[in-house]
Amino acid sequence: MRALAEFIMRGRMQATLVVAGAAALPMMFWLSAAAGSLVLLRRGMNDALGIIAWALLPALGWWYFGEPRTLMVLLGALGLALVLRSSVSWTRVLMISVALGLLYGLVLGAVFREPITAMAGELQKLMPQVMGTVYSQLAEDERARLGAMVAPVLTGLIAALLQLVSVLSLMLGRYWQAALYNPGGFGGEFRAVKLPAALAFGLLAAMLLGPNLGLELAMLTPICSVPLAFAGLALVHGLAKQGGLAGFWLVGLYLSLLLFMQLIYPILVVLAIVDSLIDFRGRKARKNGAGPANGEG
């Protein structure tokens with residue numbers, strides 16, 4: 001992957017080839033977004049604009065044929081890259097990603113309402129089988145409300161997935177930048193990510209109260225969970241670094257996350273919320289007399 005980053009930064013032609021070429025290939029939109037983020041982070045918007053413009057052509061083509069991910073993730077990751085370049089704050093990037101996720105949700109709901117509604121209808125048919133006796137015990141109005149929430153929640157889940165990929169693409173671009181020009185820098189940045197208590201509990205409140213404020217706001221639950229999940233991962237990485245744990249523990253974490261997403265993901269969210277109050281890394285650093293909780297390297 002480092003060799004690919006070196007190729008991208010070799011010149012404008014090479015960068016354009018990767019950014020635009022990946023955007024044109026099926027399922028490689030994340031690579032286009034990551035490469036574009038690397039160019040923008042290193043060279044700024046003025047130098048990156050000509051390269052990004054070429055990537056927009058295939059992205060618009062995919063949009064025309066009903067595939068929105070390429071264009072949405074590319075523009076979303078680049079927008080987050082601008083935030084990171086100007087603020088050098090992953091906390092700000094993660095919070096801005098919530099607004100990005102909401103924008104994704106609005107676009108999906110407006111432009112792709114029909115396929116999402118059709119998919120939600122199929123899911124509604126499966127609800128009696130999935131929920132079993134619990135569904136049969138619900139009152140008629142509760143069943144109607146539950147059914148009405150399927151489409152907004154589904155829209156939110158798709159938007160949150162695009163939000164997640166946008167942040168991951170930016171992280172890959174930042175990792176490449178650090179590998180080329182500041183070895184170890186990205187690791188230090190990521191391990192230091194910690195959401196302030198006010199932000200963490202604000203996200204929690206939006207997750208819990210959103211569906212009660214309006215059916216369309218049910219999409220807030222998955223979208224607001226994304227920054228908390230990343231903060232939870234940063235906490236685990238930071239504690240693993242402080243504890244001198246071998247890398248295979250983190251590999252095991254990500255494998256578990258892939259295999260048991262419904263279990264591990266909520267745990268990461270809860271860890272981030274608790275850490276916003278307790279500051280596990282800071283406490284451990286002070287206990288060990290190690291100074292700052294996370295350094296570069």
Side-chain angles (χ1 to χ4, degrees), residues 72 76 79-80 83-84 87 89-110 116 120 123 131 134 138 141-142 144-168 170-171 190-239 257 260-283 293:
M72 295 174 75
L80 294 177
V83 174
L84 181 61
S87 67
S89 169
W90 280 104
T91 298
R92 184 168 297 180
V93 168
L94 291 176
M95 296 309 297
I96 293 295
S97 79
V98 175
L100 180 64
L102 286 173
L103 179 60
Y104 285 160
L106 292 174
V107 171
L108 290 169
I116 290 176
L123 291 175
M131 299 181 65
V134 175
L138 293 175
D141 59 334
E142 292 177 327
R145 176 176 171 78
L146 189 61
M149 286 182 60
V150 173
V153 171
L154 181 59
T155 302
L157 285 171
I158 299 172
L161 182 59
L162 294 174
Q163 173 191 1
L164 184 71
V165 175
S166 299
V167 176
L168 287 173
L170 172 60
M171 285 186 168
F190 183 64
R191 290 191 295 270
V193 172
K194 175 180 173 293
L195 297 180
L199 295 180
F201 280 90
L203 291 171
L204 177 63
M207 290 171 60
L208 298 177
L209 299 178
N212 297 318
L213 298 177
L215 291 178
E216 293 299 324
L217 293 179
M219 70 171 66
L220 282 172
T221 300
I223 290 172
C224 290
S225 72
V226 172
L228 292 168
F230 275 110
L233 282 174
L235 169 63
V236 175
H237 275 263
L239 292 177
L257 185 58
F260 308 105
M261 173 74 75
Q262 293 179 333
L263 174 64
I264 304 299
Y265 190 90
I267 291 176
L268 292 174
V269 170
V270 172
L271 282 175
I273 295 170
V274 175
D275 183 55
S276 70
L277 293 174
I278 297 178
D279 188 12
F280 293 108
R281 287 159 290 184
R283 285 172 176 264

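Every heavy atom of this structure was used, including side-chain atoms; hydrogens, water molecules and symmetry mates were not.
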Original post:
Looking at L94, L195, V93, which one forms a side-chain contact (heavy atoms from CB on, under 4.5 Å) with F230?
Top reply: L94
[atom1]/[X] to [atom2]/[Y] distance, rounded to the nearest 0.5 angstrom?
| X | Y | atom1 | atom2 | result |
| --- | --- | --- | --- | --- |
| S225 | L204 | OG | CG | 11.0 Å |
| L102 | C224 | CG | SG | 6.5 Å |
| L162 | L157 | CG | CG | 11.0 Å |

Side chain proximity check, [X] to [Y], heavy atoms < 4.5 angstrom:
| X | Y | answer |
| --- | --- | --- |
| I267 | L271 | yes |
| Q163 | P227 | yes |
| W90 | L170 | yes |
| V153 | T221 | no |
| L103 | M72 | no |
| I223 | Y104 | no |

**OP:** Quick one: list whatever passes side-chain contact (heavy atoms from CB on, under 4.5 Å) with R92, sequence neighbours left out.
**Re:** V83, S87, S89, I96
Original post:
Taking only residues two or more places apart in sequence, or in another chain, which ones meet T155 in a side-chain contact (heavy atoms from CB on, under 4.5 Å)?
Top reply: L108, I116, M219
**OP:** Mind running side-chain contact (heavy atoms from CB on, under 4.5 Å) on L239 and L235 for me, showing each step along the way?
**Re:** CA-CA 6 Å; L239 292 177; L235 169 63; 3.8 Å; yes
Minimal non-hydrogen separation, [X] against [Y], with atom names:
| X | Y | result |
| --- | --- | --- |
| P152 | A218 | CB-CB, 4.2 Å |
| A272 | A231 | CB-CB, 3.7 Å |
| V269 | A229 | CG2-N, 4.1 Å |
| M207 | L220 | CG-O, 4.3 Å |
| L154 | A120 | CD2-N, 3.9 Å |
| R283 | I278 | NE-O, 2.8 Å |

**OP:** Let me see the working for D275 and R281 under side-chain contact (heavy atoms from CB on, under 4.5 Å), right down to the final yes or no.
**Re:** CA-CA 8 Å; D275 183 55; R281 287 159 290 184; 2.7 Å; yes
**OP:** Go through the steps to decide whether V98 and V226 satisfy the test side-chain contact (heavy atoms from CB on, under 4.5 Å), and finish with yes or no.
**Re:** CA-CA 8 Å; V98 175; V226 172; over 6 Å; no
**OP:** Apply the test side-chain contact (heavy atoms from CB on, under 4.5 Å) to residues L268 and V236: give CA-CA distance (whole Å), side-chain angles for both, the deciding distance (0.1 Å), then the verdict.
**Re:** CA-CA 9 Å; L268 292 174; V236 175; 4.2 Å; yes
